[in-house]
Amino acid sequence: QVQLVESGGGWVQPGGRLILSCVASQISFKDAIMGWYRQAPGKQRELVATISTRSTPNYADTVKGRFTISRDNSKRTLWLQMNSLKVEDTAIYYCDADGNTWGQGIQVTVSS
């Protein structure tokens, strides 16, 4: 069974930074398009960023220039570096593989 385990969430003040990690198991990680999604209270889950098997990133307009997605296939790990965080970035963040397998999610709270 595929497992995606996120870590690194928490609370940060506006303008701060966090780095999320996702470790994958039971999956051909190097062959998977990986991504980060998020869901804020009362809203639908939305795309944050994806990264291709060749490490080509794609970002939602709302995070472009502030977030960086990266991967290390040898470590089976996906990261999301989040800079200049805003209150509206508050959400549960989910790691995803190929658009159909999700981690358990991790809370990110941005507030003063």
J.: Decide yes or no for R17 and Q81: does some side-chain heavy atom of the first lie under 4.5 Å from some side-chain heavy atom of the second?
T.: yes
J.: Members other than I19 in its cluster, when Ile, Leu, Val, Met, Phe, Trp, Tyr link by side-chain heavy atoms under 4.5 Å?
T.: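 The other cluster members (ILVMFWY side chains, heavy atoms under 4.5 Å, direct or chained) are W79.
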J.: What pairs with N100 under side chain to side chain donor-acceptor pair (under 3.5 Å), at least two apart in sequence or on another chain?
T.: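 Testing N100 for side chain to side chain donor-acceptor pair (under 3.5 Å), a comparison that skips the adjacent residues, returns none.
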J.: Hey, does I69 have a side-chain heavy atom less than 4.5 Å from the side chain of L78?
T.: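 Side-chain contact under 4.5 Å: yes.
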J.: Partners of S25 by side chain to side chain contact (heavy atoms under 4.5 Å, CB included), sequence neighbours excluded?
T.: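 Q3.
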J.: When rounded to the nearest 0.5 angstrom, what distance separates CG in N73 from CE in M34?
T.: 9.5 Å
J.: Between I27 and A97, what is the shortest heavy-atom contact and its length?
T.: CD1-CB, 3.5 Å
J.: Looking only at side-chain N and O atoms, does Q104 offer a donor or acceptor that is under 3.5 Å from a partner on E6?
T.: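 Checked: E6/Q104 side chains pair up, N/O donor to acceptor below 3.5 Å.
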J.: For residues L80 and V48, report the shortest heavy-atom separation together with the two atoms involved.
T.: CD2-CG1, 4.0 Å
J.: With side chains defined as the heavy atoms from C-beta onward, is the minimum distance between R45 and Y94 less than 4.5 Å?
T.: yes
J.: Side chain of R76, backbone of A24: donor and acceptor closer than 3.5 Å?
T.: yes
J.: Quick one, T62 and R38 - any side-chain contact, counting heavy atoms below 4.5 Å?
T.: yes
J.: D98 and A32: which non-hydrogen atoms are nearest, and at how many Å?
T.: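 Result for this residue pair: OD1-CA, 3.5 Å.
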J.: In Å and rounded to the nearest 0.5 Å, what is the CG to OG1 distance from L85 to T90?
T.: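 That separation rounds to 8.5 Å.
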J.: Tell me which pairs pass salt bridge (Lys or Arg N to Asp or Glu O under 4.0 Å) where either residue lies in residues 48-61, with sequence neighbours left out.
T.: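 Found D61-K64.
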J.: Which residue pairs pass the disulfide bond (SG atoms under 2.5 Å apart) test when at least one of the two sits in residues 24-62, sequence neighbours left out?
T.: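 Sorted pair list comes back empty.
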J.: If you group Ile, Leu, Val, Met, Phe, Trp and Tyr whenever their side-chain heavy atoms sit less than 4.5 Å apart, what else falls in with W11?
T.: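 Direct or chained contacts put W11 with none.
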J.: Over all heavy atoms of both residues, which pair between V23 and T77 is shortest? Give the atoms and the distance, please.
T.: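 Looking at all heavy atoms of both residues, the shortest contact is CG2-OG1, 3.9 Å.
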J.: What residue pairs, at least two apart or across chains, pass disulfide bond (SG atoms under 2.5 Å apart) with a residue in residues 31-62?
T.: none
J.: To check you understand the geometry: which heavy-atom pair defines the closest contact between A91 and Q39, and what is its length?
T.: CB-O, 3.4 Å
J.: When you group the ILVMFWY residues by side-chain heavy-atom contacts below 4.5 Å and let the links chain together, are V12 and M82 in the same group?
T.: yes
J.: For the CD atom on Q44, are there more than 12 heavy atoms of other groups (residues, nucleotides or ligands in this structure) within a distance under 6.0 Å?
T.: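 Not more than 12 within 6.0 Å, no.
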J.: If you take all heavy atoms of T101 and V2, which pair is closest and at what distance?
T.: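 Scanning both residues, the minimum pair turns out to be CG2-CG1, 3.5 Å.
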J.: Could you tell me whether the side chain of N58 and the main chain of A49 form a donor-acceptor pair under 3.5 Å?
T.: no
J.: Does any pair with a residue in residues 30-72 pass ring pair (Phe, Tyr, Trp, His ring centres under 6.0 Å), and if so which ones, sequence neighbours excluded?
T.: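 Listed once each, the pairs are Y37-W102.
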J.: Using a 4.5 Å cut-off on heavy atoms from C-beta on, say whether the side chain of L4 contacts that of Q26.
T.: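 With C-beta onward as the side chain, the pair stays apart.
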J.: Using the test salt bridge (Lys or Arg N to Asp or Glu O under 4.0 Å), find all partners of R66 that sit at least two apart in sequence or belong to another chain.
T.: D89
J.: Going by the rule salt bridge (Lys or Arg N to Asp or Glu O under 4.0 Å), which residues pair with K75 if we only count those two or more places apart in sequence or in a different chain?
T.: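 Once residues adjacent in sequence are excluded, K75 has no partner under the salt bridge (Lys or Arg N to Asp or Glu O under 4.0 Å) criterion.
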J.: Got a sec, which residues hit side chain to side chain contact (heavy atoms under 4.5 Å, CB included) with S112, two or more places apart in sequence or on another chain?
T.: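 Scan of S112 (side chain to side chain contact (heavy atoms under 4.5 Å, CB included), adjacent residues dropped) gives P14.
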J.: By the disulfide bond (SG atoms under 2.5 Å apart) test, which pairs, at least two apart or in different chains, include something from residues 9-105?
T.: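 Found C22-C95.
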J.: Is there a donor-acceptor pair under 3.5 Å between the side chain of R71 and the backbone N or O of F29?
T.: yes
J.: L20 versus V108: any side-chain heavy-atom pair under 4.5 Å?
T.: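 They are in contact (side-chain heavy atoms under 4.5 Å apart), so the answer is yes.
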